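Proteins get letters first, then strands, A, B, ... in listed order; numbering begins at 1 in each. Values in this document were obtained by computation on a predicted structure and should not be read as measured data.
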Amino acid sequence: MTAVGGDQVAGDTYDARALQEKWQARWAKENPFAASEDPADDRPRRYVLDMFPYPSGDLHMGHAEAFAMGDVVARYRFQLGENVLHPIGWDSFGLPAENAAIKRDSHPAEWTYANIETQAESFKRYGIAFDWSRRLHTSDPEYYRWNQWLFLRFYERGLAYRKDGLVNWCPNDQTVLANEQVVQGRCERCGTEVVRRSLNQWYFRITEYADRLLDDMERLEGKWPERVLLMQRNWIGRSRGADVRFHIEGRDEPVTVFTTRPDTLFGATFFVVAADAALADELCAPEHRAEFEAYRAGVAKLTDIERQSTERTKTGVFLGRHAINPVNGERIPVWAADYVLADYGHGAIMAVPAHDQRDLDFAKAFDLPVRVVVETGEEDPDITGVATAGEGRLVNSGPLDGLTKTEAIPRIIEILAERGTGDAAVNYRLRDWLLSRQRFWGTPIPIVHCPDCGEVPVPDDQLPVRLPENLRGADLAPKGVSPLAAAADWVNTACPRCGGAALRDTDTMDTFVDSSWYYLRYCSPHTDTAPFDVEQVRRWGPIDQYVGGVEHAILHLLYSRFFTKVLYDMGLVDFTEPFTRLLNQGQVINQGKAMSKSLGNGVDLGKEIDEYGVDAVRLTVVFAGPPEEDIDWADVSPAASLRFLNRAYRVMAQAGAASEPGTDPAAGDLALRKATHQTLDKVTAAVEAQRFNVAIARVMELVTAARRAIDSGPGAADPAVREAAEVIAVTLSLVAPYVAEEGWERLGHTGSVAVGNWRTPDPALLVQESVTCVVQVASKVRDKLQVPPDISAEELERLALASEKVQGFIGERTVRKVVVREPKLVNIVVA
RNA sequence: GCCCCGAUAGUCCAAUAGGUAGAGACGAUGGAUUCAAAAUCCAUAAAGUGUGGGUUCGAAUCCCACUCGGGGUACCA
């Protein structure tokens, strides 16, 4: 190791591994990143949270990126001297642990907790500024006990309930899934095609909160990524329209349908009931029974993918019944079909083939009449097969004739309401959250089924209902019912109400329940009398900055928002949105493809760290581009990051060797001082705006400026060089904590650089005495002038016109107009 | 199909409220250093902003259409 630039400083290339060990030990001892609970501590409080990891193995590149981003935010807040809460824990219930246990003939806890330890060690090496004392694992009984407690509170409020219904069933994982966990007709985790099964399951009544979940998003505007808000809005899918009641011949009760186009009611030519709805079964006339049953059986066999294919031609059967259109008394045939969904609206529709493509496709398939009721000027849908949806006047619609859609909708609703056959109505695409799972490694549902008392909640003082510990390996294999059912001594229990023999509910909760409120538990992780200490949550909540991947855009984020609103209604939290700001970091990919084991193109985080060191890896992921964009590992260079860090380190080491801390920078080189303060100003702005890659570019400039000052300027001993080096250490600490600490120490400081060292730029050093003004003639740059920044428009115009170059370009032409944007631009418009 | 987002040197990316297209980096080329190489340092070249229109004194930035890429959603009545 030879010193460069003439300064003999020992070790001017840093040894990443040695620094990592040295500073990890120091941080472990000094605990600089613990949040203060002292009520007298009046520093601003800041809650920064990364979505907690699932312990699937060791940390990988994706974690490296996500946590590096979150740490920039947290460390910036630490540097500002704020009281920062930046905790870590594990989302440690879930299927992979169970599958591993089956394979290894062990208990899921073994695999889970071993992985957690591995990840914890890796996080420590990775240098994330966590408060380790708040660590939690959702699979601990001390944690999941409160899932049960919360479930019971939801149950008391009618927000947790059981119902029969068609549910998504994954044949591979042998469990039901929530709607949110079915992606394109496939199981979100294993990719198996999901089928529908009719089962009795537990649900959370999230639909009751649909309006609030939707409307409260207004307050997240500008603070959450626009696309996440959009995805949630679409997912909730509020549509406004009307409920219309149709009398069915031979049935006492009318059947209600929901429509967003009540204005087209006069165009309804048939009526369709979801084939798998109970209503279809009930309405079916005896002479059509056989045909209907055959049809229904065929539909039940289809997977969601087959069923949802838009290519598929419409199918259905006539039920041998007729409905009466409430506005014109027309008799229209009632059909059963699978294009109508049993669980949306009322599971039945009025079909208006002229103005709805699906209804038209059906009408064409079964030769049903098509009646145009909106004159849009488009071709006859009965001929073209294309339903018309444009604007136009209503026709063939009695009292609505001549009206536009916007006029007709309120009018028809009024008419329906007067006759008592309809009302304005709202429907949502969002369904209730199916929360039971037929798997082992999750939170047992704290309900006992008693032959006499029915469904009985387990009393709070008997919580937690612990998972049995004697099941392992093959005992956990999926059988279509929860493995818990096999634990006879666990299942058989006394009814909490009557004391008689009863059975425990054997399903476990969706693990998204765990993650819906974990952020609250961090505020008081050791509380054992409640899920969280209400006072502590009042102090810390809500989260100022949440960081995580877009894959949770609807799942976790929607559930967590729902939980927060319920807890607000219960008076346990005083805010209604859990995550004030959200940052979605991108993914790390390789050569254009997602990294995967099967492709064998994975980048191993451990190897990268061994080769380049933690700081270089962190710098690489943060510098690669805007945080929300994907990083292709083929496009980045950790080697280059390491080179830069060495350069920065050398500047700090040389400045440290040449001067003492506390040197007054005022006497230093003015140009470098200005560069330092400009950098500080720009880095602060970039970090605040979450443009971390730009912030790093600014630090790079300062390193270059300091390098030059040492080599060919005032030299390493100049106070301005020390000032620059210190600012380099402080700003670099957000991404390269080890180099920053070591550099800070080399600069002669004894404490950690990481906390409370951010500086405010000196405004006097930010003002520039002259700026470059561009003078354009006909929008082309023809001259540049050095002018004072506070120059007046008149003066600048005079100077610009006085320029010889400019005059040369104006020539004989007349000046029509002079646009002056002092102090940076003048544009002379010529004829 | 519908709805969003994006496209800037060979590559990744910058460009306050339209106002000099280049901050930073990778790579390339040349040079210094070296017996040579690595490392280090210095220098240079490189696009007119996906395409076509429009608004404007002036457009990467605003508007319209299209192309390509990415994402969401999929019979939601």
(message) Tell me if the centroids of the rings in Y559(A) and W433(A) come within less than 6.0 Å of each other.
(response) yes
(message) Heavy atoms from C-beta onward define the side chain here; which of rA14(B), rU20(B), rC12(B) lies closest to that of R691(A)?
(response) rA14(B)
(request) Return the 5'-most residue of the pair A634(A), R647(A) with respect to RNA chain B, ranking by each residue's nearest nucleotide. (result) A634(A)
(message) What's the gap between rG50(B) and rA7(B) when it is taken at their C1' atoms, as a whole Å value?
(response) 6 Å
(request) Output the single nucleotide from rG24(B), rC42(B), rA77(B) whose closest atom is nearest the side chain of R708(A). (result) rC42(B)
(message) Checking understanding here: a glycosidic angle within 90° of 0 is syn, the rest anti, so what is rA17(B)?
(response) syn
(request) Assign I631(A) to base, sugar-phosphate, or nothing according to its heavy-atom contacts below 4.0 angstrom with the strands shown. (result) nothing
(request) Can you tell me the distance, in whole Å, between the CZ atom of R233(A) and the C1' atom of rU73(B)? (result) 16 Å
(message) Hydrogens and angles aside, do T620(A) and S641(A) bring a side-chain donor and acceptor to less than 3.5 Å of each other?
(response) yes
(request) Look at the rings of F366(A) and F362(A) and say which category their plane angle falls in: under 30° parallel, 30 to 60° tilted, over 60° perpendicular. (result) tilted
(message) So, does R429(A) get its side chain near the phosphate of rA74(B), meaning an N or O under 4.0 Å from OP1 or OP2?
(response) yes
(message) Over all strands shown, is K682(A) touching base, sugar-phosphate only, or nothing at heavy-atom distances under 4.0 angstrom?
(response) nothing
(request) Taking the six-membered ring for Trp and the full ring for Phe, Tyr or His, determine whether the centres of W335(A) and F270(A) are under 6.0 Å apart. (result) no
(message) I need the single residue from L341(A), V272(A), V273(A) that forms a side-chain contact (heavy atoms from CB on, under 4.5 Å) with I349(A). Which is it?
(response) V272(A)
(message) Taking only the C1' atom of each, what is the distance from rG70(B) to rG10(B) in whole angstrom?
(response) 23 Å
(request) Examine the base of rA23(B) for any acceptor or donor lying under 3.5 Å from a partner atom in the side chain of R698(A), and report the outcome as yes or no. (result) yes
(request) Establish, with yes or no, whether the OP1 or OP2 oxygen of rA14(B) is under 4.0 angstrom from a side-chain nitrogen or oxygen of N693(A). (result) yes
(message) In whole Å, measure the gap between the P atoms of rA25(B) and rU40(B) for me.
(response) 13 Å
(message) Using whole Å, what does the distance between atom C1' of nucleotide rA15(B) and atom NZ of K824(A) come to?
(response) 10 Å
(request) Using whole Å, report how far CG of L341(A) lies from C1' of rA77(B). (result) 9 Å
(message) Using a 3.5 Å distance criterion without hydrogens, assess whether the side chain of Q357(A) forms a donor-acceptor pair with backbone atoms of G385(A).
(response) yes
(message) Looking at R245(A), I'd like to know if its CZ atom is crowded, meaning that more than 12 non-hydrogen atoms belonging to other residues, nucleotides or ligands lie closer than 6.0 Å.
(response) yes
(message) Can you identify which nucleotide, out of rC26(B), rA77(B), rC41(B), has its nearest atom closest to the A640(A) side chain?
(response) rC26(B)
Contact list (N/O, under 3.5 angstrom) for nucleotides 52-60 of chain B vs protein:
unit_1: rC57(B); atom_1: O2'; unit_2: S779(A); atom_2: OG; d: 3.2
unit_1: rC57(B); atom_1: O2; unit_2: N827(A); atom_2: ND2; d: 2.4
unit_1: rG58(B); atom_1: O4'; unit_2: S779(A); atom_2: OG; d: 3.2

(message) What's R431(A) touching, base or sugar-phosphate or nothing? Going by heavy atoms closer than 4.0 Å.
(response) base
(message) Could you tell me how far rA60(B) sits from rU20(B) if I compare only their C1' atoms? Round to whole Å.
(response) 14 Å
(request) Mind calculating the distance between CG (N646(A)) and P (rA38(B)) to the nearest angstrom? (result) 17 Å
(request) State which of rA23(B), rC41(B), rG72(B) makes the closest approach to the side chain of M231(A). (result) rG72(B)
(message) What's the closest nucleotide to the side chain of R643(A) if the choices are rG72(B), rC26(B), rU20(B)?
(response) rC26(B)
(message) Which nucleotide wins on minimum distance to the side chain of M700(A), given the candidates rA25(B), rC3(B), rC26(B)?
(response) rA25(B)
(request) Return the stems involving RNA chain B, sorted by first number, where pairs are Watson-Crick (N1-N3 with N6-O4 or O6-N4) or G-U wobble (N1-O2 and O6-N3), both under 3.5 Å, and runs are 3 or more long. (result) B:1-7 with B:67-73, B:10-12 with B:24-26, B:28-32 with B:40-44, B:50-54 with B:62-66
(message) For a quick test of reading the model, state the closest non-hydrogen atom pair linking A64(A) to V621(A) and the distance between them.
(response) O-CG2, 4.1 Å
(request) Ignoring backbone atoms, test whether R227(A) places a side-chain nitrogen or oxygen under 4.0 Å from the OP1 or OP2 oxygen of rG6(B). (result) no
(request) Round to the nearest Å and state the distance from D711(A) atom CG to rU33(B) atom P. (result) 16 Å
(request) When you get a sec, tell me which of rC3(B), rA14(B), rU73(B) is the closest nucleotide to the side chain of L230(A)? (result) rC3(B)
(message) Does rG72(B) count as syn, meaning its glycosidic angle lies within 90° of 0, or as anti?
(response) anti
(request) Between rC4(B) and rA46(B), how far apart are the P atoms? Round to whole Å, please. (result) 41 Å
(message) Please determine whether salt bridge (charged side-chain N to carboxylate O under 4.0 Å, His left out) holds for the pair D343(A) and R431(A), giving the CA-CA distance in whole Å, both sets of side-chain angles, and the decisive distance to 0.1 Å.
(response) CA-CA 8 Å; D343(A) 58 354; R431(A) 310 293 152 85; 2.9 Å; yes
(request) Look at all strands and tell whether T772(A) reaches a base, only sugar-phosphate, or nothing, counting heavy atoms closer than 4.0 Å. (result) base
(message) Whole angstroms only, please: what is the CG-C1' distance between D359(A) and rC75(B)?
(response) 10 Å
(request) State whether the side chain of Y295(A) and the backbone N or O of T315(A) hold a donor-acceptor pair below 3.5 Å, judged by distance alone. (result) yes
(message) If you count heavy atoms of other groups shown closer than 6.0 angstrom to CD of E218(A), is the number above 12?
(response) no
(request) For D630(A) and rG69(B), give me the distance from atom CG to atom P, rounded to whole Å. (result) 17 Å
(request) Please list all pairs passing the side chain to side chain donor-acceptor pair (under 3.5 Å) test where one or both residues lie in residues 814-825 of chain A, with sequence neighbours left out. (result) none
(message) Over all strands shown, is Y428(A) touching base, sugar-phosphate only, or nothing at heavy-atom distances under 4.0 angstrom?
(response) nothing
(message) Suppose you measure atom P in rA45(B) against the same atom in rG6(B); what distance do you get, rounded to whole Å?
(response) 33 Å
(request) Considering only atom C1', compute the distance from rA21(B) to rU49(B) and round it to an integer number of Å. (result) 8 Å
(message) Side chain of Y344(A), heavy atoms from C-beta onward: which of rA77(B), rG24(B), rG72(B) has the nearest atom to it?
(response) rA77(B)
(message) Could you tell me how far apart F271(A) (CZ) and rA77(B) (P) are, to the nearest whole angstrom?
(response) 16 Å
(request) Verify the distance criterion only: is there a donor paired with an acceptor across the side chains of Y428(A) and D211(A) at less than 3.5 Å? (result) yes
(message) If I pick the P atom on rG48(B) and the same atom on rA43(B), what distance separates them, to the nearest angstrom?
(response) 26 Å
(request) Identify, between E226(A) and S637(A), the residue whose nearest nucleotide on RNA chain B lies closer to the 5' end. (result) E226(A)
(message) Heavy atoms from C-beta onward define the side chain here; which of rG24(B), rA77(B), rU73(B) lies closest to that of T259(A)?
(response) rA77(B)
